[in-house]
Each structure stands twice: as structure tokens, then as C-alpha cells.
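Everything on this sheet refers to the single structure shown next.
Basis for what follows: all heavy atoms, side chains included, without hydrogens, waters or symmetry-related copies. Just so it is clear: chains get the letters A, B, ... in the order the sequence lines come, proteins before strands, and each one is counted from 1. Computed from a predicted structure; not experimentally measured.
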There are 2 protein chains.
Amino acid sequence: MKKKGPTIQDVANRAGLSKAAVSRYLNKSINLPEETGRKIDEAVKALGYRRNSIARRLSKGGSETIGLVVPEISNPFFSEMAEAVEQTASERGYNLILGISRNHPDKEIGFLRWIDDSIVDGLLFVTNRPGNRRLQLDIRRYRSVVLLDEDIPGTVQDKVFCQNVEGARDAVRYLIRTGHRRIFHVTGPVSLMSVKERLDGFRLAHEEAGLPCSDNHIFHHDYSQQFGRDVVRDILSRPALPDAVFAASDYIAIGMLEELKRNGVRVPDDMSIVGFDDTTLAGLVTPKLTTIRQSAAEMGRIGATRLLDALAQPGVLRGVTRIAASLVVRDSVLDRRE
Amino acid sequence: MKKKGPTIQDVANRAGLSKAAVSRYLNKSINLPEETGRKIDEAVKALGYRRNSIARRLSKGGSETIGLVVPEISNPFFSEMAEAVEQTASERGYNLILGISRNHPDKEIGFLRWIDDSIVDGLLFVTNRPGNRRLQLDIRRYRSVVLLDEDIPGTVQDKVFCQNVEGARDAVRYLIRTGHRRIFHVTGPVSLMSVKERLDGFRLAHEEAGLPCSDNHIFHHDYSQQFGRDVVRDILSRPALPDAVFAASDYIAIGMLEELKRNGVRVPDDMSIVGFDDTTLAGLVTPKLTTIRQSAAEMGRIGATRLLDALAQPGVLRGVTRIAASLVVRDSVLDRRE
DNA sequence: TTCATCAGATAAACCGGTTTACAAAGTAGC
DNA sequence: GCTACTTTGTAAACCGGTTTATCTGATGAA
């Protein structure tokens, strides 16, 4: 029942050589004459030798594994990201280990320890708790961490975000261009960089168009479907309805869609809605959601590439990379120009 | 820049003891007097010692990591499963490493090698290629593999599936009970166990009701949205439309919904639809999909528990576990009884 | 011939723990 | 006082590789 596989010593014995020769040959760190190489190859094949990766990690000090830490994986944005990261990692011979933080700072910090513990060589990190002081202080100690999607202020790592300002500005520009004048913004907590930046874009588009932009047209809470539903009740209780809403996430937009429907408000006839993210859900709801597309896959791919490059060649920081955010027109916005 | 953390030897030195004493104390495999224990604790704290998990794995022979292999992670069914697996694993001190096979048998077999390579102690395995001969032969060599969702014939591992027959039967019973008489079945490839079993349930419900059940009311291809769209064109080209369709996956059902809408066929007024899986998408589409709920999370949780139990106490096989599949009534079925 | 050089290969240290087998000191029982 | 445990602890082997420093014998140049 033991199934102890053959060790490198067994291979060496069979080939009539030393461990060192076999190891170096297998790692291509030595040039051996053809005949010798053949003997090793033969022994490896005959014994079915596979090197023990744990032992290898111990002596090399690396794990050939990277980690991805996300708040949740059942959110399509993160699962699309994970898919791309796994793809990129596996193309370069790395394994991917998954950490799900459920937004607990303790878990997040625990995942950082993976680096100390040589469980991973580096980490791709997404957090929704940028304000956590401990995390902030802690994360700076770690090189080989790449931040995705949301920033943690005061950190110096490589980072990959999307063009939040431009995306939001384009969304609102589009609403203005299609004749909307009273636009609300429903978004997440002010602590998040993406929220701040999308709000900047929202304001920018208003300024460009010479439109006023009141603070009480802005609703902060979180990027959830539930908030989308709740905010609708809030909005409907007000004297004047907006003719459009720019929601800073598809989840919010979808929650709103649902609740508006329940209240007999037709989208887009009575109210237009634009979302943000373009997860797979956006094309599935009715009406199909017009939204700003940011590719979670691209973010994952670029982040993983950055990280793997950094591991291969330490010391080279590339700073912040921005991926595109572009408008995808579907059915949730009505053209109101007469 | 080396950041070499303190080793157990450093702790031993500071506490004036031997490596062995420290190791055994830290692993609670020895009882030391309070005073000595305190000295070790002090040294650990003062030095900020964390044990090197790679070295530990090497000597213990285990990795305290399990793997989850799925065809894709961006499919909500699998990401919900992954979330539950990660949760269960982390509660028991295990890490989760993710393998995405993209349905390539080569990759699947590669992931099995993780066990040989001591990268994982065990594997949760979901495949859509049950027919692959090589995989079939190969997988039998591995204990500590648990099969989820789909079977691989001829294997002896622990397995967790859902009650496909009962679920499908209930779906069709419900359609019959609500007055439907001409029910089509749109499903995946015959090679999958789930497809066979759901078909059995489909037939069973017809028999019970004394209804005929023709083979050319059954459409096989795959569990994809695209097939849902395609099959609608096929069905609409036929002389007589069904009054209901039982789709063996939500993805198929959603694809059909979309294409039916495009063709002016109203759901559920002109045609009722029942899906299978109850992924998050089901509640989001219009009309909301009536479907059979199988909890991917529960499957993941139970599978992970089985695997971890098996690792803790080898040799005890529990065979096949079935999780519930139950009807969730939403808006895609019309009651046609006058 | 002789010294330098180099290809081919190895012994031994090392990575950082765990574990086995055993020693030394304390103490109980008689 | 002597034997028999118990307690407290350790030295050394081990896990399975990688890597460094070194050795040997052959080739080439002077």
C-alpha cells in the first residue's frame, strides 16, 4: 500500500551514475555525452521515475505555484479572472492555488503568509477592504504580490486596474448623447478606488456637457444585487424620478432591473440603465443590459503575466497597468431624442 | 533581501533546547513541563518563527492540499462548487489547488499526476469525458480521488452525484400535472451518466402517466446555451410544436428562452420550459426559469468531506452519495388545465 | 615530457523540518 | 539502597531532491 515511487537514487543506481549527475542532467544544468544521457533516460522510463516536487521545492526554495486571492469565486467576474489566471499560469508551468477571503481581513492576511510559507512564489490579490490598516501595513512587506481590480493605498506593488474614469465617463456621455438629462449614479462604498474613479468619470461627463450634477443623485452602498433592489425603493419614494441610472456594477443594475419591473417601471421606456463590468449575466437579463465592458479575463491574464515576469526577473516594477473599459450597447437604454 | 526566516534550529538555540524538542512540542507530540513550554513559546514569539511548510511536507509526506479539477471555472455551477470546496478544505486546514481541464483528457491526466508529485494529497474530480479509455484506466490507480457530478464507468472511487432520475421525473411529473401532454427533452451527449439518468426519469414519468414517449422528441447534443439556441430552430421547423420542453441543463433552457423569444414564441404561454441545475442564472432570466435544483455547493461540500475523511482514515470507501434534486417553481411553466 | 585545461562525473553539504531510538535524571516502591 | 518506571530531553537518521567544490583522466600546447 505504500506506493513509494522510485527516487532519484534509484535512477542513478540503475544508470550506474550518481544522484548529482542525474539531477543535473534532468535539469539540463550540465551537458553529458549522448550515451550517458541515454542511459539516464532509459532508467527514468524503466522505473517510471517522477521527481518529487516537494523535495525539489525544499532545495530550490520555490514552489512553482502562484496564488489568486479573491473575495468570492462564485461571482462571475472573479471566476472569469480565475480562468484566465489558471490558463496563463499553466502555460508557464505554474500551478494555481485559490484563496477565497470572503472579505475577511484575517483570511486575506493569512493568504499573504502563503508567501512566507513557500506555498506560493507570488500572489495575485483582489481585496474589497482597501482601508484595513493591518492589511495595508502588512502587504508592503511582500514583493511578488500583484494587486488586481482594486487598489490598496500606500502600497508599491505592480497593479492592474481598468480604466474606471474613462469607462464611467463614456457610459454617462452615452446617456447624455441619447437625450438623458437627469441621471442618477448608484455605486459601491466610497472607500473603493473603483467607486471614486467611476464617480469622477460620472462628474466629468456632466461637466463636459455643462450639466449640473447633484450629490443627492448619488447612492453609495455596495456592489450587490440586494442594494440594487433596495435603492429602487428609495428612488421611487422621491418626488422626481431620474430618466437614467448609471450603476457602477452589473449586479446593482440587475437588482434594480428586477425591482423596477416589480414596481411597474419599464426599462428602458420609463428609465434607462447602464451597468459596469459586462459579466455573462449582462446579456442574459431582460432587457439585455447596456454596460461598460471590462474584461476580467484580460485583467487576470495581464496580472498573471506581470507576476510571473516579476518572479523570473525580480526587482523590475512596472507600476500600474490599465485595461480598457468600453461601452457595450444592448437594450437597457432608450434614445430619448425626439 | 534574502528574508530567510528563522528556522526551528534558531528557536531551539534561543530556548536552550534541541530541534527535536521544539518540533515535538510544537506538534503536541510530547508533553513538556510548563516552564519548558513557556521558553519555547517565548522564543517562537521573539523570533517570529513560522515553520516551513515545504520542509514539513517533505518529512511528513503529505501536502495538506487537495485539488479540484473542473472543465471550467467560469461556469457558475463549478464556481459554486469550488467555493464550497474551498470553504470545507480551509475549515480543516487544507489548501485548495485548482485545475481547469478545458475538457482536454491530457490535462485531466496531468492533474492526476499531482497526486504522484505530492502536490496534492487527494483530488476532487469532475469530467465530461467519461468515455476516455486512457483516463478510465488511469484513474483507477489512484485512491484518494473523489468523483463529482459525472461518473466514469468502471471506477471504484467514492462518488457524489445528484438524484438525476428523481429530479428529472419530478420535472416531467410537474409538467404532466399542469396539463402538458407533448413534452420534448433537450439534453447532452448520451455518454454522460447524468444524461442517461435524466432520460430515465423523463421516461419514467411518462410511463407512470400512461403517456407515450417517442424517441424523436429527444434531442441530444451538449449542455450549452448554443445548443439551446440551435435546437429551437430545429424544433420550430417541425410540423407540431411541443407544449413543453424539459431541458437537462439551465444553460440549454436559457439558450432556448432567448431563441424562442426572437422567434415570437412566448414562454410559458406558447411553450413551457423546465431546466435543470438552478444556477444563479435561473432566477435572472425572463421569465424566471422553473428548474430542478441541485446544489453544486452541497456536492462540493460533501465531496470535500468525503475526501478529507478518506485521507484521515484510508481504506474506508463510502461508495456513491446522492444529493437531492428538487423542483423550484418559477415562471416558465404555465398551468394548462382549463 | 610536462603543465594547463577541460569534459565528465561525484561526494558531501544543504534545504528545514519530523521521527526513532535511546540517554540521563528523577522518583516510587519495596 | 536498589530496581523499575517516568519524565524530560537529545543525537542522528531521514524525507528526496539541488548545488558546490572537487576529483579523475584525457587532450592539447609548449
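- Donor-acceptor pairing under 3.5 Å, judged by distance alone, is present between the side chain of A:K19 and the base of D:dG17.
- Rounded to an integer number of Å, the gap from A:K39 NZ to C:dG8 P is 13 Å.
- Residue-to-nucleotide proximity on DNA chain D shows that, of B:A55 and B:T36, the 5′-proximal contact is made by B:T36.
- Applying the 4.0 Å criterion to OP1 and OP2 of D:dG17, one finds that A:S23 has every side-chain N and O outside that range.
- For A:L58 and D:dC15, the CG to P distance is 14 Å, given to the nearest whole Å.
- A:Y142 and A:D116 form a side-chain donor-acceptor contact under 3.5 Å, judged by distance and modelled atom types alone.
- The shortest distance between the side-chain N/O atoms of B:R51 and the OP1/OP2 oxygens of C:dG17 is not below 4.0 Å.
- Summarising the geometry, the separation between OH on B:Y25 and P on C:dT19 is reported as 18 Å, rounded to the nearest angstrom.
- Remark: A:R129 does not engage A:D106 in a salt bridge, criterion side-chain N to carboxylate O under 4.0 Å.
- Defined by atom type and a distance below 3.5 Å, a donor-acceptor pair is present between the side-chain atoms of A:E83 and B:S74.
- Between B:I30 atom CD1 and C:dT18 atom C1' there is a gap of 13 Å when expressed in whole angstrom units.
- Electrostatic pairing of B:D309 and B:R92 counts as a salt bridge here, judged by a charged N lying under 4.0 Å from a carboxylate O.
- Distances shown here put a side-chain N or O of B:S18 below 4.0 Å from the OP1 or OP2 atom of D:dT10.
- Set against C:dG17, D:dA11, D:dG17, the side chain of A:N52 has D:dG17 as its closest nucleotide.
- Under 3.5 Å, the side chain of B:R24 and the base of D:dT10 form at least one donor-acceptor pair of N or O atoms.
- Scanning for side-chain hydrogen bond (donor to acceptor under 3.5 Å, both in side chains) contacts around A:R51 gives A:N27, with sequence neighbours left out.
- What separates CG of B:D117 from P of D:dG17 is a distance of 10 Å, to the nearest Å.
- A salt bridge does not link A:K39 to A:E42: none of the charged nitrogens lies less than 4.0 Å from a carboxylate oxygen.
- We find that A:E86 and B:R102 are joined by a salt bridge, their nearest charged nitrogen and carboxylate oxygen being less than 4.0 Å apart.
- One side chain, B:K107 or A:S90, offers a donor N or O that lies under 3.5 Å from an acceptor on the other.
- Taking side-chain N and O atoms only, A:N27 has a distance below 4.0 Å to OP1 or OP2 of D:dT18.
- Rounded to an integer number of Å, the gap from A:D116 CG to C:dG16 P is 13 Å.
- Between B:S59 and B:V22, the residue anchored nearer the 5' end of DNA chain D, judged by the nucleotide with its closest heavy atom, is B:V22.
- Rounded to 10°, the helix from C:dT1-D:dA30 to C:dC30-D:dG1 has 50° between the axis fitted to its first five pairs and the one fitted to its last five.
- Distances were taken from every side-chain heavy atom of A:K60 (C-beta onward) to each of C:dT18, D:dG16, D:dT18; the shortest belongs to D:dT18.
- Between the P atom of D:dT7 and the CG atom of B:L17 lies a distance of 18 Å, rounded to the nearest Å.
- What separates CD of B:Q9 from P of C:dC14 is a distance of 13 Å, to the nearest Å.
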